[in-house]
Amino acid sequence: MSSITVTPSEAQKHEETPELNIWEEDYVDWRKRPAVKGRHGGMLAASFVLAVEVLENLAFLANASNLVLYLSKFMHYSPSGSANIVTNFMGTAFLLALLGGFLADAFFTTYSIFLLSAVIESLGLLILTLQAHVPYLKPPTCVSNQLGSPCHKVGGGKAVMLFSGLYLVALGVGGIKGSLPPHGAEQFDETTFVGRNKRSAFFNYFIFCLSCGALIAVTLVVWMEDNKGWQWGFGISTLTIVVSIPIFLLGSPTYRIKTPAGSPITTIFKVLASAAFISRKAKSSNNVVISISTSSVSSDSVRDVDEQTPITPIPTQNLEFLNRAAMKNPNHPELKCTLKQVEEAKVVLKIFPIFASTIMLNCCLAQLSTFSVQQAATMNTKLGSLKVPPASLPVFPVIFIMILAPTYNHAIVPIARKLTKSEMGITHLQRIGTGLVLSIVAMAVAALVEMKRKNVALRTHMLDSSEPLPISFLWVALQYLFLGSADLFSLAGMMEFFFTEAPMSMRSLATALSWASLAMGYYFSSVLVSVINGVTKACRLTPWLYGRSLNHYHLERFYWLMCILSGLNFLQYLFWANRYTYRSKSAGEQPPFKEQQHKSHLVV
């Protein structure tokens, strides 16, 4: 853990102003001086984070929501090829949030990681803007079905430029996603009910601000891309992410910043290695059972062992084999772990099944930026005299989220608190479970809508036509509505769950698991498409997701399969969620460490 040196003059200053209490020693201000209660942190500091999130998500989603059409129309990739590139790009961006969170926890801070990541994303967007603006940096235009103008997808140096820009953006987005949410959540004092309540509200409003940026992205910016050119879309994104930097810096005097505490992953592996070593040693010994009475150990004696990390000396009984890591090992004293380290490792292992259960939900969400956009592109996108770009379809769930987020915070949660007589009202796992159920409904709706769209194409003999089908794109908006609602419940629930349940030393990394789940979902979507095509082809059937156009795909079968997989995933989620014990008292469950006296029987 990084130490904080307080000079005599600073100490005297704080003594002269007793009304200003120093925060925990783990927090400093932007000049690396001890953070002071009442001066640093709070909703004012978090408001700068919320404002930046509007701009950050605008810059990212403006291109991500419409990128599949850019790749197919201007870079001449096939529909399935474009969908895979988009899912891989977005998956990489969200997966890199783990890197951003890890660096913020271990070596840097959320403050510095955001600034560095914003600069990297700006550079990537600048490259994409340049390519979209200069004609000879793109493949030549073509007209389908004309021999004199064949379509060749982008290649060579132009492809290098395209993917360099995309993955610089992905690196920048990952760093921002891994640092910005925990930076905002760290502004609140979790030792008080008011602080925890405001932190919970922050996560809800973070999703609200994320949706505000998305609303501008899928309306104004997408319209500019479709009607004025993609150089405008990339240019606006570049400008917004550049503007977000000085806005973030304006809040510097109000921030409290958690100091890096070294690699939390090292500690977890140390606990696992120590427990495994002692278990292996036990098998090779005479299996003598030693009873270690932890009730005879006082808190003072434990603090003498580890003065800087006072811990409760009573280990919990779940994952009991890890308790062996806290035993004395005279042959390898470097493997000796404190009980606090053991309990923190247990917490991390317990949240992984919950994390894994959310991947399938995010696989469903991946369809919003791939096949759903392509579906809408084949349909009538006019609302009266206004022609709506297909990539603007997310406007429906975005508006719904913007209405539901404050309603949830100011109406649903207070009512739930009165009914359940608990601090949270609705637990994190209940929110995530609601999102999983909504994703199942969304996939069933998507399959039914695709069946209707295909029937219209057959009935009107327009399977091979490039003209819009005589069916409104608003039918596709139904699946957007359900998936958007699922996103609100699941993402906000995951972020707060991982942040509050994780050990203090790895909260940024744990919060990034929310984005990593999105990444895994996007990757799984790409793998699923490839596997489905491979299996159906091997069975001498027409590949479900292959053909001259989307009208020749069996997309409805793909959606039904997603619905079934989501249902099975929900059942295994219930298994883990019903057995999970919350670490934090604010969740209305048991405290992290059991208070009763007991004995741990270990085989050595």
Side-chain angles (χ1 to χ4, degrees), residues 29-32 45-65 67 89-90 92-130 164-187 202 206-207 209-214 216-217 221 233-258 260 495 508-509 511-512 514-516 518-519:
D29 66 7
W30 69 292
R31 293 182 176 176
K32 299 184 179 180
S47 64
F48 288 97
V49 174
L50 296 176
V52 168
E53 177 56 25
V54 175
L55 298 175
E56 182 275 328
N57 203 50
L58 190 162
F60 174 59
L61 199 59
N63 302 309
S65 63
L67 185 60
F89 161 70
M90 297 188 73
T92 301
F94 290 129
L95 190 63
L96 285 171
L98 290 175
L99 177 62
F102 171 76
L103 292 176
D105 281 331
F107 306 110
F108 303 98
T109 61
T110 53
Y111 181 86
S112 57
I113 289 296
F114 169 81
L115 293 174
L116 176 62
S117 301
V119 172
I120 293 174
E121 184 178 353
S122 301
L123 179 61
L125 286 169
L126 189 62
I127 292 174
L128 294 175
T129 303
L130 182 64
S164 296
L166 283 177
Y167 283 94
L168 277 174
V169 171
L171 179 61
V173 168
I176 292 175
K177 297 294 187 186
S179 60
L180 196 59
H183 181 74
E186 286 165 1
Q187 306 308 315
F202 165 78
F206 186 87
I207 303 301
C209 291
L210 183 147
S211 300
C212 288
I216 301 172
V221 182
F234 286 128
I236 292 173
S237 297
T238 305
L239 180 63
T240 54
I241 200 65
V242 169
V243 170
S244 72
I245 297 175
I247 292 178
F248 182 80
L249 290 174
L250 280 175
S252 296
T254 67
Y255 297 144
R256 67 169 190 158
I257 303 168
K258 184 172 72 70
M495 291 175 67
S508 297
L509 179 61
T511 307
S514 306
W515 306 113
L518 276 169

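Keep in mind the model is a prediction, meaning the values are calculated, not measured.
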Side chain to side chain, Asp105 and Lys258, heavy atoms closer than 4.5 Å:
yes
I would like to know whether Ile257 and Asp29 meet side-chain contact (heavy atoms from CB on, under 4.5 Å); could you show each step before the answer?
CA-CA 6 Å; Ile257 303 168; Asp29 66 7; over 6 Å; no
What are the two closest heavy atoms between Ile120 and Gly172, and how far apart are they?
CG2-N, 3.9 Å
Specify the closest pair of heavy atoms between Ala217 and Val221, including all atoms of both residues, with the distance to one decimal.
O-CB, 3.4 Å
Between Phe48 and Tyr255, what is the ring plane arrangement, given parallel below 30°, perpendicular above 60°, and tilted in between?
perpendicular
In terms of ring plane angle, is the pair Phe60 and Phe94 parallel, tilted or perpendicular, where the classes change at 30° and 60°?
perpendicular
Tyr167 and Thr92: which non-hydrogen atoms are nearest, and at how many Å?
CE2-OG1, 3.6 Å
side-chain contact (heavy atoms from CB on, under 4.5 Å), that's the test. Do Val169 and Phe89 meet it? Break it down for me.
CA-CA 9 Å; Val169 171; Phe89 161 70; 4.0 Å; yes
Would you say Gln187's side chain and Arg256's backbone share a donor-acceptor pair under 3.5 angstrom?
yes
Measure the shortest side-chain to side-chain distance between Phe206 and Met495 over non-hydrogen atoms and say whether it is less than 4.5 angstrom.
yes
How long is the gap from CG on Leu116 to OH on Tyr111, to the nearest 0.5 Å?
13.0 Å
Assess whether side-chain contact (heavy atoms from CB on, under 4.5 Å) is satisfied between Thr240 and Ile216, documenting all intermediate values.
CA-CA 11 Å; Thr240 54; Ile216 301 172; over 6 Å; no
Looking at side-chain heavy atoms only, is the closest gap between Leu180 and Thr110 below 4.5 Å?
no
Minimum heavy-atom distance Ser237-Ala62, with the two atoms named
OG-CB, 3.7 Å
Separation between CG of Leu103 and CD1 of Ile113, rounded to the nearest 0.5 Å
4.5 Å
Any chance you could measure Leu50, atom CG, to Phe202, atom CZ, to the nearest 0.5 Å?
5.0 Å
As a quick check of understanding, evaluate side-chain contact (heavy atoms from CB on, under 4.5 Å) for Glu56 and Leu210, giving each step before the final call.
CA-CA 8 Å; Glu56 182 275 328; Leu210 183 147; over 6 Å; no
Donor-acceptor pair, Ser508 side chain versus Gly101 backbone, under 3.5 Å?
no
What heavy-atom pair brings Ala118 and Ile241 nearest, and what distance separates the two atoms?
O-CG1, 4.2 Å
Over all heavy atoms of both residues, which pair between Leu126 and Thr238 is shortest? Give the atoms and the distance, please.
N-OG1, 3.8 Å
The side-chain contact (heavy atoms from CB on, under 4.5 Å) partner of Leu166 among Leu125, Leu171, Leu128 is Leu128
Check: Trp515 side chain, Lys177 main-chain N or O, donor-acceptor pair, under 3.5 Å:
yes
What's the spacing between Leu99 CG and Ser179 OG if we round to 0.5 Å?
11.0 Å
Distance, nearest 0.5 Å, that separates OG of Ser47 from CG of Leu250:
10.5 Å
I need the Ser244 OG to Ile176 CD1 distance, nearest 0.5 Å.
6.0 Å
